[in-house]
Amino acid sequence: MSVRAVGLAPSLRRATFAPKFARNQVALRSVIGKRGIQTQSLPPSTSQGILNEQRLKRPSSPHFTIYQPQLTWLGSIAHRVTGASLSALLYGFSLAYLVAPGTFDSAHVIEFVAGVPDYVKTAAKVVLAVPFAFHGFNGVRHLAWDLGKFMTVKGAYSSGYAVLGATALSTVYLVWW
């Protein structure tokens, strides 16, 4: 009967061709002392308390309160906020129209707006025009970034200021004309 039939060939091959150091690891393990580790089973509430204590001892990572505000991240935050607010407005009005179509039809909306004072209308136009204009122009800026344009720091800032300028001009146009 051969060693291959018994299944010892790989083990014998490893033992024969292994370096002398690898063959003596068993002897080294018995000489080097082992550390004793004691474990203890804890209830979930205790382990949660230990975890909370460890988290309190960790240093907190720096937050954006210690950084000087930059146009790039302020623009990014404003883009997200304006997108979310415009979406909430659209979905809110759409759901209101679905729930009560007689209340939110064109005739009732026009009648309501006609009864509102002019300064409230102007303020409402500004509140609607600023996020609409900013989100639109900043979206074009993001599309330009997707094309690889304005990718330098100078380009990012110049396009950011262009977005702010275009937002201001288009807001004035949308509110007064």
Side-chain angles (χ1 to χ4, degrees), residues 37 39-177:
I37 297 176
T39 60
Q40 183 179 3
S41 180
L42 298 172
S45 60
T46 307
S47 58
Q48 186 67 32
I50 292 171
L51 182 63
N52 289 339
E53 287 176 21
Q54 290 174 346
R55 287 179 178 158
L56 287 175
K57 293 177 185 175
R58 292 183 193 153
S60 61
S61 55
H63 204 269
F64 63 89
T65 56
I66 66 170
Y67 294 115
Q68 180 181 359
Q70 296 177 357
L71 181 65
T72 51
W73 60 267
L74 286 174
S76 177
I77 292 169
H79 187 74
R80 293 174 187 189
V81 168
T82 57
S85 62
L86 290 171
S87 296
L89 184 66
L90 173 73
Y91 286 123
F93 186 79
S94 299
L95 289 173
Y97 185 75
L98 284 173
V99 171
T103 307
F104 290 99
D105 62 347
S106 299
H108 284 95
V109 171
I110 291 170
E111 181 182 333
F112 174 76
V113 172
V116 174
D118 286 341
Y119 67 91
V120 175
K121 290 179 195 177
T122 304
K125 285 182 185 181
V126 170
V127 168
L128 290 174
V130 170
F132 183 77
F134 178 80
H135 194 76
F137 287 121
N138 206 40
V140 171
R141 179 181 179 212
H142 279 272
L143 290 174
W145 282 346
D146 290 342
L147 294 173
K149 308 291 183 192
F150 311 115
M151 296 300 286
T152 63
V153 174
K154 184 179 178 183
Y157 273 87
S158 64
S159 64
Y161 287 123
V163 165
L164 292 177
T167 300
L169 291 175
S170 62
T171 299
V172 168
Y173 178 79
L174 289 171
V175 169
W176 298 111
W177 284 283

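Counting from 1, the numbers follow the sequence of the chain as shown. This structure is a prediction, so every number in the text was calculated from the model and none was measured.
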Would you say S76's side chain and T72's backbone share a donor-acceptor pair under 3.5 angstrom?
no
To the nearest 0.5 Å, what is the distance between CG on D146 and CE on M151?
8.5 Å
For the pair W145 (side chain) and F150 (backbone), establish whether a donor and an acceptor sit closer than 3.5 Å, ignoring hydrogens and angles.
yes
Within a strict 4.5 Å, meaning less than it, do heavy atoms of the V113 and I110 side chains meet?
no
Would a 4.5 Å heavy-atom cut-off, applied to side chains only, mark K121 and V116 as touching?
yes
As an exercise, state the distance from OG of S159 to CG of L71, rounded to the nearest 0.5 Å.
8.0 Å
Measuring from atom OG of S85 to atom CG of L90, what distance do you get when rounded to the nearest 0.5 angstrom?
11.5 Å
Can you find a pair of side-chain heavy atoms, one from Y157 and one from T152, that are under 4.5 Å apart?
no
Using the ring of each side chain (for Trp, its six-membered ring), is F93 parallel, tilted or perpendicular to F104, with breaks at 30° and 60°?
perpendicular
So how far is it from D105 CG to Y97 OH, rounded to the nearest 0.5 Å?
6.5 Å
Looking only at non-hydrogen atoms, find the nearest pair between V175 and A129 and report the distance.
CG2-CB, 4.2 Å
Would you mind reporting whether L56 and E53 have side-chain heavy atoms less than 4.5 Å apart?
no
Rounded to the nearest 0.5 Å, what separates atom CD1 in I77 from atom NE2 in H79?
13.0 Å
Answer whether the closest heavy-atom distance between the side chains of W177 and V172 falls below 4.5 Å.
yes
Evaluate the side-chain proximity of R55 to R58: yes if any heavy-atom separation is below 4.5 Å, no if none is.
yes
Heavy-atom pair of closest approach, residues T103 and H108
O-CB, 3.3 Å
Enter the distance from T167:OG1 to L174:CG here, rounded to the nearest 0.5 Å.
10.5 Å
Heavy-atom nearest pair, A166 first then F137, reads O-CE1, 3.5 Å
I'd like to check T82 versus N138 (side-chain heavy atoms, cut-off strictly below 4.5 Å). Are they in contact?
no
Side-chain contact test, heavy atoms from C-beta onward, threshold under 4.5 Å: evaluate it for T122 versus W176 and give yes or no.
yes
